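Letters A, B, ... mirror the listed sequences (proteins, then strands); counts begin at 1. Computed from a predicted structure; not experimentally measured.
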2 protein chains.
Amino acid sequence: MKEIAEKTGVSVSSVSLVLNGRDSGRVKPEIARRVRETAERLGYKPNPLARSLRTSHTRILGFVSEEIATTPFAGGIILGAQNAANAFGYMLITVNTDGEADEAKQIAALKRYGVDGFLYAKMSNRVTDIPRELSDYPTVLVDATDRAGRAPGITPDEQAIGYDATMRLVRAGCRRIAYVGCAKPLVAQTERFAGYRHALADAGLRFDESLAVDVMYHQPAQDAVDRLIGEQRPDGVFCWNDARALYVYQAALKLDLTVGRDLSVVGVDNHRLIAETVVPELTTVELPHYEMGYWAVCKAVTLIEGRKPAANRMARTSAPLPPLDGPDQVKVHCALIEKDSVADGKR
Amino acid sequence: MKEIAEKTGVSVSSVSLVLNGRDSGRVKPEIARRVRETAERLGYKPNPLARSLRTSHTRILGFVSEEIATTPFAGGIILGAQNAANAFGYMLITVNTDGEADEAKQIAALKRYGVDGFLYAKMSNRVTDIPRELSDYPTVLVDATDRAGRAPGITPDEQAIGYDATMRLVRAGCRRIAYVGCAKPLVAQTERFAGYRHALADAGLRFDESLAVDVMYHQPAQDAVDRLIGEQRPDGVFCWNDARALYVYQAALKLDLTVGRDLSVVGVDNHRLIAETVVPELTTVELPHYEMGYWAVCKAVTLIEGRKPAANRMARTSAPLPPLDGPDQVKVHCALIEKDSVADGKR
DNA sequence: GTGAAAGCGCTAACAA
DNA sequence: TTGTTAGCGCTTTCAC
């Protein structure tokens, strides 16, 4: 900056003013132009550290989660967050926490590095308490809901997921639609199940309890699904996630049923890998991880700067994001990706 | 710091000296003690930004990769890197790049934030050129090999993977051991295949070309594996990764063969999820993602500080890490995780 | 042994 | 409209 000032023949303050775009009505346009020119010519890039020492904001966001390393879908959230951060000239520092004590330590470290705000991600739509340490900083929840309802946050619209998936099966002509759920009382479980039941009701189908089964993993899960398919012979199955859909595929395989002909399946795409590599023909509901990460950063920037960021354009999809000036707890609708695991009109 | 100086009745310079541990023979021990005491009492934490403005190093490492979001195993590397960084008092800024232009941009941004060095990760052991922008910074490759052989890097010992896995099948009594590989010319493919052949040779088994098949994904892969298992009837299969192992499971299912009885399978655990949730009984070779991330950070710190970091202890496993003062291109041995997909003595 | 003072690169009062 | 000046929190000469 000093160099620019010298070469242009002005003072550093003018340079600062111009280069920060605060020059209108304060610096003569002609001078401003020349400053910008020399800055350009010298390839000047501001030193964000020095700047933040003065302004005490860093344009750094902390991304805190305890499951980055263990869940495969964290990547989408991070990528979305990263891209949004990029778009607004922010940097993201991502930390993976391991237990509450560690979490507090990591948050403290991030604070020392001067982050302006936090994203707090909890994967698979948990209801969660925000750590005390974050209460005095702008914080946005991702794929999680603040139990206290204070912090803004974004989650998938779980009920719509269940409704849409089930309705898709209804439209395909299924009459005995089973539900393979998750045996844990997650929001994603109760809400998707509720959506499933609503759809059944709207379609004039009776809810049959023996068509709904909640499972976890491994052999017990496979056995339960084998029984469901073998004994109840549903003509459509809505699966809580793709891993569970895979159990349905395996069950069908054993019973000599073909998915997409004898049986229609829709599953939520938790682990992209399964739905892409192992059962590419599965019709899935896509969880909007990328979009949630993107929205969360936009929201955080809004909180921090006290104004809505200029560009709220998604870099990846055309999926409509919830507006930033709406309510603070938003749910985002999830897209249904058609593949041929649904037997449209073949039955 | 000023406050500490005032309360202790010394100058800030002395405080600085003491708090940075450069006080031996420069500050009276008694004074030093009192300084430390007040610092403690006041809960003093240094401001890393201010410090780095002066010292021009930040204790921040940049982690650059273009596949963080898309590959499920990036998490392990990041976690290991994170933990090591933690142990040495470093912070990690992780960026996901998208194309070469973007990569350069992101690297420039990281440089402006004053990172002291870079980790450059390429997932699945690629031979790669290090971007020019990194050439003037300490840089360590992760799961990748520098084509020019200049930068230090760490990869799994691919050949040992193939050898160990195949030998495991030999020890279980298999005589017709098949290989389901990857149809891309990756290091991981050629080396694991070489290891497989060495093991066969060492076991006195003839290499039978019709027992080795390289596939990619989806139906074509499944079909190829179906043919392999159906027509060749191997009694053991070494799979390039777990997704391919799953094809073997599906093939076995159709042929009424049971893995772990009629057929032994060992696969490399690329996508933790598959081997844990879908085929938990698969005997796997574990890729040392965590360890590689950990080592890479240790190495980077060594490079930056010109000395070996004090603690080189792994936080997670007891797996021996390559020494930091050895050669710069290291390969790490991978553990074989026993599960009952191998029919020990049942045949 | 200790402290005063300069300065890292930048911003923001305030004065001119 | 522009320049001068005083710091942000810390490290590091250099005198004492």
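Using a 4.0 Å heavy-atom distance criterion, B:S16 is classed as a base contact.
Remark: B:S14 OG to B:D23 CG distance equals 10.0 Å, nearest 0.5 Å. Between B:L303 atom CG and B:D116 atom CG the span is 11.5 Å, to the nearest 0.5 Å. For the atom pair NE2 (A:H289) and CE (A:M123), the distance works out to 8.0 Å, reported to the nearest 0.5 Å.
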side-chain hydrogen bond (donor to acceptor under 3.5 Å, both in side chains) for B:T94 and A:T94? Distances and angles first, verdict last. CA-CA 7 Å; B:T94 308; A:T94 308; 4.8 Å; no
Test B:R132 against B:E100 for salt bridge (charged side-chain N to carboxylate O under 4.0 Å, His left out), laying out the working first. CA-CA 11 Å; B:R132 238 193 347 284; B:E100 273 191 40; over 6 Å; no
Would you sort out whether A:Y294 and A:Q82 count as a side-chain hydrogen bond (donor to acceptor under 3.5 Å, both in side chains), showing the intermediate values? CA-CA 8 Å; A:Y294 202 98; A:Q82 205 85 251; over 6 Å; no
Quick one: do B:D98 and B:K105 satisfy salt bridge (charged side-chain N to carboxylate O under 4.0 Å, His left out)? Show the steps, please. CA-CA 10 Å; B:D98 179 23; B:K105 246 187 53 192; over 6 Å; no
Does the side-chain hydrogen bond (donor to acceptor under 3.5 Å, both in side chains) test come out yes or no for A:S24 and A:R26, once each step is laid out? CA-CA 5 Å; A:S24 64; A:R26 330 246 266 106; over 6 Å; no
Check the pair B:R41 / B:E37 against salt bridge (charged side-chain N to carboxylate O under 4.0 Å, His left out), numbers first and verdict last. CA-CA 6 Å; B:R41 190 160 49 76; B:E37 198 181 80; 5.6 Å; no
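In this structure, B:N20 places its CG atom 10 Å from P of D:dC10, rounding to the nearest Å. Rounded to a whole Å, the CG atom of B:L19 is 9 Å from the P atom of D:dC10. Distance, B:R59 CZ to D:dT11 P: 12 Å, rounded to whole Å. D:dC8 atom P lies 13 Å from atom CG of B:L53, rounded to whole Å.
Applying the ring-ring contact (aromatic ring centres under 6.0 Å, His included) criterion to B:Y113, with sequence neighbours excluded, gives no partner residue. With sequence neighbours excluded, no residue forms a ring-ring contact (aromatic ring centres under 6.0 Å, His included) with A:F63.
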Show the distances under 3.5 angstrom between N or O atoms of the protein and N or O atoms of nucleotides 3-6 of chain D.
unit_1, atom_1, unit_2, atom_2, d
D:dG3, OP2, A:S11, N, 2.9
D:dG3, OP2, A:S11, OG, 3.4
D:dG3, OP2, A:S14, OG, 3.1
D:dT4, O4, A:S13, OG, 3.1

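For B:E40, the CD atom counts as loosely surrounded, since its 6.0 Å shell holds 12 or fewer non-hydrogen atoms of other residues, nucleotides or ligands.
Between B:V142 and B:K122 the shortest side-chain heavy-atom distance does not fall below 4.5 Å.
Annotation: proximity of residues 26-49 of chain B to DNA chain C (heavy atom, distance under 4.0 Å) is found for B:R26, B:V27, B:K28, B:I31, numbered in ascending order.
Protein chain A contacts DNA chain C over a range whose 5' and 3' limits, counting nucleotides with an atom under 4.0 angstrom from a non-hydrogen atom, are C:dG9 to C:dA12.
The overall bend of the helix from C:dG1-D:dC16 to C:dA16-D:dT1, read as the angle between its terminal helix axes built from five base pairs each, is 50° when rounded to 10 degrees.
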